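Accompanying notes for the structure given below.
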Amino acid sequence: MIVRKLENDSRKLISWGGETLLKRIKSQRIERAKKEFLRFDREYRRLVSMHEVFDVKHELLNKVMELARELRIEYERRNQ
């Protein structure tokens with residue numbers, strides 16, 4: 001049950017936050033995307049900590065972590 005919930009949360013974060021937000025950061029001014037990026041980062045940190053607490057590992061988490069890395073790189077690049 002916990003694993004299923006974490007997998008669903010990972011899917012939501014990938015679709016809402018990761019891919020869509022990455023496109024916005026690349027195409028919009030950084031000020032507009034900052035609030036969404038900070039929200040994504042907060043949700044990402046919560047999700048990773050829940051995975052650690054329950055010692056759950058799955059491929060979706062790896063995808064979320066990769067998207068978060070790409071987002072951070074692009075955000076920092078555009079924010080300089």
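In this text the structure is predicted, and so the values were computed from the model without any measurement. All values below were derived from every heavy atom in this structure, side-chain atoms included, with hydrogens, water molecules and symmetry-related copies excluded. Residue numbers run from 1 in the order of the sequence given.
For the pair H51 and K57, the minimum side-chain heavy-atom distance is 4.5 Å or more. Between Y44 and R72 the shortest side-chain heavy-atom distance falls below 4.5 Å.
A donor-acceptor distance shorter than 3.5 angstrom exists from the side chain of H58 to the backbone of L61, with no hydrogens or angles considered. Counting only distance, with no hydrogens or angles, the side chain of S10 and the backbone of V64 share no donor-acceptor pair below 3.5 Å.
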Inset, instruction - Please report the C-alpha distance between E66 and R69 in whole Å, then the side-chain angles of each, then the deciding distance to 0.1 Å, and finally whether the salt bridge (charged side-chain N to carboxylate O under 4.0 Å, His left out) criterion is met. - result: CA-CA 5 Å; E66 179 63 27; R69 187 182 71 76; 2.8 Å; yes
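Separation of atoms CD1 (I14) and OG1 (T20) is listed at 11.5 Å; rounding is to 0.5 Å. Atoms CD1 and CD, on I25 and E36 in that order, are 8.5 Å from each other to the nearest 0.5 Å. Rounded to the nearest 0.5 angstrom, L6 CG and L13 CG are separated by 12.0 Å. In this structure, NZ in K63 is found 10.5 Å from CZ in R11, a value given to the nearest 0.5 Å. One distance of note links CZ of F37 with CD of E74; it measures 10.5 Å at 0.5 Å rounding. Note that CG of L71 is 5.0 Å distant from CZ of F40, once rounded to the nearest 0.5 Å.
Under the 4.5 Å side-chain heavy-atom criterion for grouping Ile, Leu, Val, Met, Phe, Trp and Tyr, Y75 is not connected to I73 through any hydrophobic cluster.
Salt-bridge annotation for E43 and R46: present, with a side-chain N of the basic residue lying under 4.0 Å from a carboxylate O of the acidic one.
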